[in-house]
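First up is the structure itself, then whatever we jot down about it.
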Amino acid sequence: MVWGMDSSIDEAVTPDAGAGAGSGPAASGGPAGSGPAAGGGPGGAVGGRGALAPVSLSPSRAGDFMQCPLLYRFRVIDRLPEKPSEAATRGTLVHAVLERLFDAPAGERTAPRAKALIPGQWDRLRESRPELTELFADDPEGERLAGWLAEAERLVERWFTLEDPTRLEPAERELFVETELDSGLRLRGIIDRVDVAPTGEVRIVDYKTGKAPRPEYAEGALFQMKFYALVVWRLKGVVPRRLQLVYLGSGDVLTYDPVPADLERVERRLHALWEAIRQATESGDWRPRPTKLCGWCDHRAHCPEFGGTPPPYPLPVRAPGSRAE
């Protein structure tokens, strides 16, 4: 089986930057290290100020809408700027290191080699995202940066206690996937790693730099993985044999073996979510949903729950009861 994604799905797109590397507050809907991302819902019409009605759905943006519809609007439609966070940026750095480690021959994939990749990957990350210099602007002596990099080293080193990279040959790393369902709903995301056994069985792996959730919250954590499994199933005709979440913050591995019925339920859930996003996009009615995670949100100044006012809605609004043309 060839795992390079079919480039025939060839509308020029920008992959959702939050689709693959979720960790820290960003993974829970707090400050996203990558800022607002393109894509996430229905439509495609151009609104005021160059705004676009969202055109696809990723796990990150689906999570945003389920957490707080207004947060989804701020990120996808208004594209309000967000400050980079140390936790999310560290997650991005660790993901880059683990991806690049597999460039080395199997016998050379050691913890010291992986840790040695951190400074160079951090330099590359800053070059590609200059706004990250803000993170340590108030750290002239570099003490906080040194501690932050040391924590990244600890996370990378812990990975070697959970998986043995000398015995792995990923079929894909940081794989952008996209498919369109029969309904027209377009799904996309970035999978950290795809392993394919000689027998053809597929394992989807995602790294998390945070801690594993308590058992009662495991289903929420698996939503992202089932989303990816659905995309792979619809794209390749193969239900992944295993979904695996590797929690570097706590040293836990969470696995789940999906069956078609699981993925069909996810598909129905995504269609319902899509319809809710479509209605909110057309009506301009994006309700805030206060939770404990509001404390992480960069947009409280614009949120009615905190006395703020959202920016003017930049897309056309359809009157209640009117029909789409």
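Quick note: numbers below take in every heavy atom, side chains included, and nothing from hydrogens, waters or symmetry partners. Note that the structure is predicted; figures quoted are calculated from it, not measured.
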salt_bridge([X], [Y]) N-O dist < 4.0 Å:
X      : Y      : answer
Glu157 : Arg154 : no
Glu127 : Arg124 : no
Glu99  : Arg173 : no
Arg100 : Glu174 : no

Sorted by chain and residue number, the side-chain contact (heavy atoms from CB on, under 4.5 Å) partners of Arg144 (sequence neighbours excluded) come out as Glu86, Phe136, Asp138, Asp139
Kindly say whether [Y] contributes a backbone atom to a donor-acceptor pair with the side chain of [X] at under 3.5 angstrom?
X      : Y      : result
Arg109 : Leu168 : yes
Arg158 : Gly249 : yes
Asp252 : Tyr247 : no
Tyr72  : Gly63  : no

Q) Are Ile204 and Val238 joined in one hydrophobic group, where the rule is that I, L, V, M, F, W and Y side chains link up if heavy atoms are under 4.5 Å apart? A) yes
Quick check: is Phe306 connected to Trp286 through a chain of hydrophobic side chains (ILVMFWY, heavy atoms under 4.5 Å apart)?
no
d(Glu219 CD, Leu222 CG) to nearest 0.5 Å is 6.0 Å
When you compare the side chain of [Y] with that of [X], does any pair of heavy atoms fall below 4.5 Å?
X      : Y      : answer
Arg90  : Thr209 : no
Phe74  : Glu82  : no
Pro314 : Arg73  : yes

Using a cut-off of 6.0 Å, state whether more than 12 heavy atoms not belonging to [X] lie near its atom [atom1].
X      : atom1 : answer
Asp182 : CG    : no
Arg300 : CZ    : yes
Glu216 : CD    : yes

The side chain to side chain donor-acceptor pair (under 3.5 Å) partners of Ser183 (sequence neighbours excluded) come to His271
Only residue of Leu162, Val94, Leu245, Asp192 satisfying side chain to side chain contact (heavy atoms under 4.5 Å, CB included) with Tyr207 is Asp192
Residues at least two apart in sequence or cross-chain that pass salt bridge (Lys or Arg N to Asp or Glu O under 4.0 Å) with Glu305, listed by chain then number, are none
Notebook entry, point to check: Going by distance alone, is a donor N or O of one side chain under 3.5 Å from an acceptor N or O of the other, for Arg188 and Ser56?
Noted result: yes
